[in-house]
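This is a predicted model, so every value here is computed, not measured.
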Amino acid sequence: MSTEAELQNTISAERGDGGRPTLAVLVHAGFPADLLVDVEELCRSFSGFLGTPVALAVSNEAPLESTLDRLTGPGGDWSVQFVAPPTSKAASMSSAPFVYREDGRPDWGAMWQGFCELALYGGPPHRGEADALHAVEHPLEVPANEEFDAIAEIRRGIYETTGLFSEPAEPGWLAVTCHSKKMAAWMAASIILENVDARCDEERLLVPAHPSFRLKNEVKSVITVVAKCNHYWQAHIAAGGSGAESVA
């Protein structure tokens with residue numbers, strides 16, 4: 001059976017009723033078994049971004065080189081590009097396309113999902129160090145953005161992507177109510193590594209929020225880092241059976 005046919009059989013067996021995938025990830029013999037869960041999480045991120053299933057094809061026998069040779073050799077119509085990792089882990093992640101809903105409002109649920117690991121675990125930070133997002137130093141002296149309500153949009157985006165309630169704290173900061181003190185502390189530490197200011201107060205996570213923030217810059221960054229860190233907390237920390245949520 002040809003490699004393409006083998007892959008198609010795997011896709012057909014695994015996709016269920018989710019529709020025909022347009023992207024496949026191949027895992028071949030020699031790949032560390034303990035990293036498969038991370039590959040699955042990567043596929044979920046791709047799937048959420050594309051809105052379609054992603055095929056994960058695993059072979060315990062065939063080496064990857066032979067599969068690539070068959071795809072690109074005589075009779076094959078595939079081109080293969082080797083995508084290298086960033087030259088520096090300090091490089092910021094690329095900006096995702098800005099997506100709007102039919103009513104004209106930003107679709108935060110479709111935008112926050114990216115392909116990058118958290119900076120805490122070795123991925124590129126959301127913003128570069130030179131473009132780090134800090135709280136406004138003199139918040140009462142900086143004029144507001146008259147085009148829209150930046151703080152209200154941040155609150156809406158955080159709720160839409162995480163389900164967490166937030167409210168204005170002292171000027172220049174927004175307080176996001178977490179499920180525990182440990183969650184708030186972990187979220188704050190993780191967000192700081194994304195080059196966005198954060199701190200915690202009991203079970204509240206505090207992130208920058210100011211009326212002067214721009215929609216496609218600071219507003220988007222705050223929502224994205226809170227959403228990504230919350231997703232990782234829920235999927236890996238709170239669900240890991242480590243008792244993280246037992247701390248009041």
Give a yes or no on whether the backbone of R214 and the side-chain of E218 come within a donor-acceptor separation of less than 3.5 Å.
yes
* To do: Verify the distance criterion only: is there a donor paired with an acceptor across the side chains of T67 and H28 at less than 3.5 Å?
  => yes
- Does any non-hydrogen side-chain atom of I154 lie less than 4.5 Å from one of H210? no
**Request:** State, yes or no, whether a side-chain contact exists between V58 and N60 at a heavy-atom distance under 4.5 Å.
**Result:** yes
Tightest non-hydrogen contact, residues N230 and M187, listed as N-SD, 3.4 Å
field: Min side-chain heavy-atom separation W233-K182 under 4.5 Å
entry: yes
**Item:** Pairwise side-chain contact, T161 with I223, heavy-atom cut-off 4.5 Å (strictly under)
**Value:** yes
On the 0 to 90° scale, with breaks at 30° and 60°, tag the Y121-W186 ring pair as parallel, tilted or perpendicular.
-> tilted
Neighbour count above 12 (heavy atom, 6.0 Å) for E170 CD:
yes
Within the structure provided, determine whether Q234 and M183 are in side-chain contact (heavy-atom separation under 4.5 Å). yes
**Prompt:** Where do R101 and E160 land on the salt bridge (charged side-chain N to carboxylate O under 4.0 Å, His left out) test, with the steps shown first?
**Reply:** CA-CA 13 Å; R101 303 188 315 195; E160 185 175 307; 3.6 Å; yes
Correct closest heavy-atom pair for R155 and F165 would be NH2-CE1, 3.7 Å
Q) Does a sphere of radius 6.0 Å around CZ in F31 hold more than 12 heavy atoms from other residues, nucleotides or ligands, not counting ones at 6.0 Å or beyond? A) yes
- Would you verify whether the NZ or CZ of R204 falls within 45 degrees of the ring axis of W173 while also being under 6.0 Å from that six-membered ring's centre? no
